[in-house]
Novice: 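Right, I'll just put the structure down here and ask away after.
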There are 4 protein chains.
Amino acid sequence: MDPQPANLRDRLHAATAQALLDAAEKAMLKYGYDKVTMQQIASETGCAPGTFYLYFKSKQDLFEAIINRHMTTLFECTRAAMDGSDNPLEKIRLGILACFRFGQENKLFFQVALTALPMRNRALRVKLLEMGHTEHAEMSRYSIEQLRKAQELGLVRKDIPAETLDEFLDVVIFSFIEQLAMVDPVPDVQEKLRVVWGLITGGIVGGA
Amino acid sequence: MDPQPANLRDRLHAATAQALLDAAEKAMLKYGYDKVTMQQIASETGCAPGTFYLYFKSKQDLFEAIINRHMTTLFECTRAAMDGSDNPLEKIRLGILACFRFGQENKLFFQVALTALPMRNRALRVKLLEMGHTEHAEMSRYSIEQLRKAQELGLVRKDIPAETLDEFLDVVIFSFIEQLAMVDPVPDVQEKLRVVWGLITGGIVGGA
Amino acid sequence: MDPQPANLRDRLHAATAQALLDAAEKAMLKYGYDKVTMQQIASETGCAPGTFYLYFKSKQDLFEAIINRHMTTLFECTRAAMDGSDNPLEKIRLGILACFRFGQENKLFFQVALTALPMRNRALRVKLLEMGHTEHAEMSRYSIEQLRKAQELGLVRKDIPAETLDEFLDVVIFSFIEQLAMVDPVPDVQEKLRVVWGLITGGIVGGA
Amino acid sequence: MDPQPANLRDRLHAATAQALLDAAEKAMLKYGYDKVTMQQIASETGCAPGTFYLYFKSKQDLFEAIINRHMTTLFECTRAAMDGSDNPLEKIRLGILACFRFGQENKLFFQVALTALPMRNRALRVKLLEMGHTEHAEMSRYSIEQLRKAQELGLVRKDIPAETLDEFLDVVIFSFIEQLAMVDPVPDVQEKLRVVWGLITGGIVGGA
DNA sequence: GATGAATGAGCGTTCATTCAT
DNA sequence: GATGAATGAACGCTCATTCAT
């Protein structure tokens, strides 16, 4: 993300912040955002409560830093995956696969995020924008663009606007990520995608 | 639910509890679960904070009673709506329509519930079970039964188990209820259902 | 001060507030404003920390209530005393005597106030005005008026403006009150006044 | 005070301490004693917070060192000024003039000192003694001696003990210094002294 | 049953001070 | 000697809950 930090001091600062973030994330996961106290986080992290305030200006700020970190990564992964094909519908499929993989690899994170944020779709978008995230909006724009192209190519139905289709995708994907995050043991992601993609493309009536 | 309360005392107790619930709900809606204090709820209700503790054992309990009441109503409405047809697929469609209507008519409730509860699908189910709700499970059972019948009649694809289809429905429906709750002004429910039902049945590829 | 409180509840509330004020004052006296903590005040008062926040909105507010109470009383006593004569110079003398008496009878209060407030004269006036006190300003106005009358009657020197004379009085009186507050055992107030009045009227050169 | 520091090391130490004191003073003046934090002082000084603890054992100690420095200077100036005449009353007048000048030239310092210390007269004396200051006591002794001489020469009234007269002077002078410190723009010191000296010598009744 | 004043544990946050480097 | 990241005790304040009336 920041490949050349200005100098040694800044690099150390950033590294410590990351370490604290890792530890805080774990603690928040254990108890949930509202329930966990700064003293608990500190004591589980093995440092003093004051220490966090050298790196994050409040409990809320600490939490947002955790969210930010993952969201940025998620959007980067997804975007990279979508570049794996030129076919717009296949781009969408690859993006979803990336999201599922990410969800599976970051189960704990989602477990917290899902309980701490008003994480329903609409609310989440608003929240992310408030937190200065533009990635999600960009992501949506790109996704809608692909859907439109797919419509032009006759790969996707044209009687529903691309924006509505995107919303539908958002909803379904997000819910399945949640499922991956909450279910233990981890299900087979490829298999899961096969089913979800089947439902997304064919609905519950039309089938293979 | 309890058509014959044991005696006058119990009947009075239940009536008062309902009145308190009405008032508390309004107050919680106004400020949100975490933000509102018991003194605020009491003062808006026009009674003393202590009074609530004669009817509910904690703030959390009070909140859950509010959720319960609506959930029960929601399940009753949905079930009643599904009886409007003998065709299993049409039963599902009518059920969804009922859910949408309910969501639209109880926007405020959902706005609170969605921010106060870990309301994602899986989490919600767990929560509802913890809270002693069996309705949702029963609902699912009934819904799965209809889906299976629809599969047998060739109305619904057979390559995906009815349980998975139900989960898919759950996810999509819940998300659209959220959308109805969060969006202002209230969208046209019939039109919304047409789109969602189109996506549910036909997916994003096959069209009408 | 408030001879007919609206009703029983308000009367009880006011009485409790006064009792808490008494206790808090004692505790603040013991440790000083900055040093004393709300828990200390509470524990010395024999109540819980939260209780104070039912009557005063912050530590600062509690402190100001203590100051206000005494300042109001002080100004009332002084004013009443000044009515004891028609001669403007004698009015001034009687006012000073009242201040001294008050200072002597409220030693503890002054000991706190003098350490907690930026109690130097100028700063004090500003502070009192910020706190919504107009009494001191009114007092000054009345005092200056008397000095002007005394000047007209040839009782007081005319080469210095009445405002400057008043400032001089303020300074000297306040310092002597401090002396009375800080010295133990309590000196003879009448004797003290005799000396101070001698200095005020005659300076260090002219004598009786 | 310490004209021959034992050795180079001590001399360096003392020099550094002075430099830190200069910087800390500026920072304290900027924010006030209670408000300013050690990190602020350090960052404005351009050194690390820890550094101060090599020279001063606490924040309080640092503050007292600042006070001490000024007090010592004040007493030296005053004493020097008093040597400007052989007439004991004129000595007093010259001393007061020196105090006023000093107050005027060190407005910022007094502004801090007056809000940070329990600066009323008595309290200040006690404080200064606690801090190891003997200068003020010496000053008083010298001042009282002059007053006594003036009494013997018939220059000053004899019905009031020299100690009481000195206290009176202290009070009046201190208050006028405060006035000089708090008022902006700086008043004419000579004119101020004329008025104060008039009041000190002649009181409010006898005049020029 | 209803009250509401009182409770007090526990919160997020600050900042003078320390000590390993 | 100088550093500054880390400390952690202590702060003012909140609010779900209780219980004497």
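All chains are named by letter (A, B, ...) in the order of the sequence lines, taking the proteins before the strands, and each is independently numbered beginning at 1. Since the structure is predicted, the reported quantities are computational estimates derived from the model, not experimental observations.
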Novice: Tell me whether the side-chain N/O atoms of D:Thr51 come closer than 4.0 Å to OP1 or OP2 in F:dA2.
Specialist: no

Novice: Starting at the 5' end of DNA chain F, which residue's closest nucleotide do you reach first, D:Gly50 or D:His13?
Specialist: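 Mapping each residue to its closest nucleotide by heavy atoms, the 5'-most match is D:His13.
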
Novice: For the residue pair C:Glu44 and C:Gln40, confirm or rule out a side-chain donor-acceptor distance under 3.5 Å.
Specialist: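 No pair is found: no donor N or O on one side chain lies under 3.5 Å from an acceptor on the other.
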
Novice: Please classify the nucleic acid contact of B:Tyr55 as base, sugar-phosphate, or nothing, using heavy-atom distances under 4.0 Å.
Specialist: sugar-phosphate

Novice: Between B:Arg9 and E:dG1, is there a contact of a side-chain N or O with OP1 or OP2 at under 4.0 Å?
Specialist: no

Novice: Check the distance between F:dT18's P and B:Lys57's NZ and give it to me in whole angstrom.
Specialist: 11 Å

Novice: Taking the side chain of D:Pro49 as its heavy atoms from C-beta onward, which of E:dA5, E:dA16, E:dT17 lies nearest to it?
Specialist: E:dT17

Novice: Round to the nearest Å and state the distance from B:Ile41 atom CD1 to F:dT17 atom P.
Specialist: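 The distance from CD1 of B:Ile41 to P of F:dT17 comes to 11 Å, rounded to the nearest Å.
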
Novice: So what's E:dA20 paired with, Watson-Crick or G-U wobble, going by both distances under 3.5 Å?
Specialist: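 The answer is F:dT3, by the H-bond criterion.
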
Novice: Roughly, in whole Å, what's the span from CG in A:Asp10 to P in F:dA5?
Specialist: 11 Å

Novice: Would one find a side-chain N or O of B:Tyr53 under 4.0 angstrom from OP1 or OP2 of E:dT3?
Specialist: no

Novice: Just the rounded figure in Å: distance from C1' of F:dT7 to CE of D:Met38.
Specialist: 16 Å

Novice: To the nearest Å, give me how far apart NZ (B:Lys35) and C1' (F:dA16) are.
Specialist: 18 Å

Novice: Pick the closest DNA chain E nucleotide for C:Leu20 and for A:Thr37 by heavy atoms, then say which residue is nearer the 5' end.
Specialist: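 Counting from the 5' end, the first nearest nucleotide belongs to C:Leu20.
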
Novice: Rounded to the nearest 0.5 Å, how far apart are CE of B:Met71 and CG of B:Asn68?
Specialist: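 With rounding to 0.5 Å, CE (B:Met71) is 9.0 Å from CG (B:Asn68).
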
Novice: For D:Leu54 and for A:Cys47, find the nucleotide of DNA chain F with the closest heavy atom, then tell me which residue's nucleotide is more 5'.
Specialist: D:Leu54

Novice: Any chance you could measure C:Arg11, atom CZ, to C:Thr16, atom OG1, to the nearest 0.5 Å?
Specialist: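 Atom-to-atom, C:Arg11:CZ and C:Thr16:OG1 are 12.5 Å apart.
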
Novice: Donor-acceptor check, side chain of C:Lys59 to backbone of C:Val36, threshold 3.5 angstrom: yes or no?
Specialist: yes

Novice: State the CD1-CG distance between B:Ile66 and B:Leu62, to the nearest 0.5 angstrom.
Specialist: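 B:Ile66 CD1 to B:Leu62 CG: 5.0 Å, rounded to 0.5 Å.
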
Novice: Separation of A:Gln39 atom CD from F:dA10 atom C1', in whole Å?
Specialist: 11 Å

Novice: What is the separation between atom NZ on D:Lys59 and atom P on E:dT17, rounded to the nearest whole Å?
Specialist: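 So the NZ-P distance, D:Lys59 to E:dT17, works out to 9 Å.
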
Novice: Round to the nearest Å and state the distance from D:Met28 atom CE to E:dC15 atom C1'.
Specialist: 14 Å

